Novice: 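Below is the structure I would like to discuss, written out as structure tokens.
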Amino acid sequence: MRSIRVFLATSIVSLLTLFNFVAAVQGYQSSMREADALFDNQMLDLALLVSNLDVSDERLRSLQLGDDLAFQVWQNDKLLAASANAPSVALHEFADGYDYANFNSYRWRTLARFDQVHEKWVFIAERMDLRFVLAENVVLQSVGPLLLGIPLVGLLVWAFVSRGLAPLRKLSSVLKAKPANDLTPIDFGDSRLELDQVVASINGFVARLGSAMDREKSFSADAAHELRTPISALKIQLHNLASTVDAETDAYRELQQGIDRMQHLIEQLLALYRSSAEQFNAKARPVNLLDIAQDAVARLYPEFERKNQQIAIEGDEQLGREIFTIYGEPFALETLLTNLLTNASRYTPLNGQIVVSLLRHSDKVILSVEDDGEGIALDDRARIFDRFTRLSGAQTGGVSGCGLGLAIVRHVADLHGALVKVTSSRFDTGTAFIVEFTIEGAVNNGKKDE
Amino acid sequence: MFLNAVVIVLQEILEAALILSLFLAFVRYLNLENNDSVLRRRIWVTLSIIFGILLAWTYSHNFSRISDSFDYVGLEITNASIHSISCFFLVLFAWLLPPQQLIFDVSHRLLALTLCMGIVVMLAILREGSEIMQLVGGILNQGQAGPPIFYGGVVGAGIGVSIGVLLYYALTGLSKERSLRTCVLLLALTTGNMAAQTILLLNQADWLPFTPTAWDTGGLLSESSVLGQLAYALIGYEATPSIMQVGAYTLGLVIVLLSPISRLAWSTWHGKAS
């Protein structure tokens, strides 16, 4: 995940470093040029001084100046005076100006100046390497602090960027701490020009979402509830009809199947409403998944028996039944298992096999429902949990559902902080639905929403 | 001394930083970060840097021995080998990147792609790191000239790393379509650069004959100028390349540009890719 703080801090420090260091290189180059001109001026001053010395003084014939400087005084091709380190030949051609020369194994900067008053040539030489080192050391005195300053600037940039982003982090933590079902406006006291609009937009969105959800919930619940009565009336009328008409006709059977499908759809819509976050908060408690699984299998047993299907429950109880206890809402979990088992029975052919297994793995309780039916194609696996998704007849063996069963399974799993996966079953064909409940996650989810 | 150190370190750091930024941008754009693999945690970067430094240390400590091998052209031959291996893995990376519809699902090629990137980064650090280590060794033996070389090295490294970081943010800040095109173009230029450098090193070792100079752009952009150095690191600019170098550069460039990733980059991202 990209961090705004890291991005801002590294890009600012990089830009500062780049510009400062490029400026340092430019500064170094121009300072070195200035230092060069300064040293040249010093050589000129020295040449003026030497030209005014009395060359008849014997001590000037081989004066010891030091390693970095040398001089010669010439008159009519005759060497009048020179420093001890100067060569015996002229170190510069007899022409005014600056140049370079090599002697005594070093490279030298040289200056020739003709003294018109005394009619003599003064040559001054300065060692390039020493002059360069001297100039460089002086110039680098100003670069050093710049280098040391960058880490300090980096720390300061990090601190200021962190300080600047603090309100955003605060808003983020306020949003993170907000329970999933809490649709009240955010109370963000730390007002900032850039964030006020964001907070206002979120609050507006949350308010609109809240009212839309209320409308949806009341519509689904009311519609489903109101439809139950006419459906029951229809079923009674159908039952009565069987005594006057032939119940074995296709028209009668299709009418009965249609009414059954409608009843199933309404029951599923009601189940979806009942497994809402509000219901979860109100009813969540420690629940044993093995108990729920056994109850669900017992309840649906006539259905399995009708199709002559074998149903088995696998759960290692050696460590005690309580290892399958999670924090959840019993009715919602019952709906989840009922839907998975109904699905398995519906899409498994006659004489097929269905296995419900429970496994405790560290802090997870893994529930799986496997069958040896036709199975689900890889491409379809991602979308089967969407509402009102129905697979093609070839895969379902011509059986049709209302397309809400697996949407409810995922909804219930989400409420419990569980992960639902669909994969191939242990049999040669068929599907396995695996629901991974995290004990800690479910408890936290429940507590958080309390 | 200061300026020399700036130029040497800048050149070395810039080359390695460019390759690293380029791959990190690729990882980001190909959505590899979200995969639950070594790529996600960028362990491959850490591992390649560590192995690169170790190899660079070994290399710089055996400089004279390597130099004396192959009739005293051991360094050229070793460097040419490193460049050609890098070149090979850059091309392999470009061809391993999946075509069009598979761009969001590269899980089956993750290991191979990671290995390619890891090896190229490791070799870049080996190449550039060994030269920097030589410089550091020089500082320790220089005495008085030590501090200017040290300051120069720090300034060069600072500029190189900063350009690398800013290049990464620039590449990842562009739109997906443009950034992928830029990344592919830079990958192609880097490959061409490596191929041309291999030829140059083999020329220097006398393993390949010298061919005439293709052109001379020294008057327009000097290799020793700061801009010339930057162009050298970014696109392998040389003022007087030989005909064979130009040929190798073009070949490297074309092979990468003919790869599936390049065709993807130049097609519409959402039109054909998804």
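In what follows, chains are A, B, ... by sequence order, proteins preceding strands, each numbered from 1. Quantities reported herein were computed from a predicted structural model and do not represent experimental measurements.
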Novice: Under the 3.5 angstrom rule, does the side chain of A/E136 hit a backbone N or O of B/P148 as a donor-acceptor pair?
Specialist: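 No.
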Novice: Around A/L175, counting heavy atoms of other residues, nucleotides and ligands shown, do more than 12 lie under 6.0 Å from its CG?
Specialist: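 Atom CG in A/L175 is packed in, count exceeds 12.
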Novice: Calculate, to the nearest 0.5 Å, the distance between atoms CG and OH belonging to A/L148 and B/Y151 respectively.
Specialist: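 Going from the CG atom of A/L148 to the OH atom of B/Y151 covers 6.5 Å.
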Novice: Can you say whether B/V155 sits under 4.5 Å from chain A via the side chain, the backbone, both, or neither, judging by heavy atoms?
Specialist: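 Contact with chain A is through both the backbone and side chain of B/V155.
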Novice: Does a sphere of radius 6.0 Å around CZ in A/F160 hold more than 12 heavy atoms from other residues, nucleotides or ligands, not counting ones at 6.0 Å or beyond?
Specialist: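 No.
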Novice: Which pair of non-hydrogen atoms, one from A/F21 and one from B/I159, has the smallest distance, and what is that distance?
Specialist: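 Scanning both residues, the minimum pair turns out to be CB-CG1, 3.5 Å.
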Novice: Looking at chain A, which one of B/V165, B/V154, B/V6, B/L3 has the largest number of heavy-atom pairs inside 4.5 Å, strictly under?
Specialist: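 The option with the most such pairs is B/L3.
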Novice: Take atom CZ of A/F39 as the centre, draw a 6.0 Å sphere, and report whether it contains more than 12 heavy atoms from other residues, nucleotides or ligands.
Specialist: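 Yes, the 6.0 Å shell around CZ holds more than 12 heavy atoms from other groups.
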Novice: For B/R178, look at atom CZ and say whether over 12 heavy atoms of other residues, nucleotides or ligands are found less than 6.0 Å away.
Specialist: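 Count not over threshold, so no.
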Novice: Checking heavy atoms, do the side chain of A/V143, its backbone, both or neither come under 4.5 Å from chain B?
Specialist: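 Side chain only.
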Novice: Any idea which heavy atoms bring B/S162 and A/T17 closest together, and the distance?
Specialist: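 For B/S162 versus A/T17, the nearest heavy atoms are OG-CB, 3.4 Å.
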Novice: Heavy-atom distance under 4.5 Å to chain B: side chain of A/F7, backbone, both or neither?
Specialist: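 It is both, since atoms from each part get that close.
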Novice: Quick check: are there more than 12 heavy atoms from other residues, nucleotides or ligands sitting under 6.0 Å from CG of A/D428?
Specialist: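 No, because the 6.0 Å sphere around CG of A/D428 holds 12 heavy atoms or fewer from other groups.
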Novice: If you count the non-hydrogen atoms of other residues, nucleotides and ligands that lie under 6.0 Å from OH in B/Y237, is the total more than 12?
Specialist: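 Buried by this count: over 12 neighbours within 6.0 Å.
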Novice: Let me confirm one number: the OG1-CG distance from A/T10 to B/L166, rounded to the nearest 0.5 Å.
Specialist: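 It is 8.5 Å, given to the nearest 0.5 Å.
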Novice: Select one option (side chain, backbone, both, neither) describing which atoms of A/L147 are under 4.5 Å from chain B's heavy atoms.
Specialist: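 For A/L147, the contact with chain B is made by the side chain alone.
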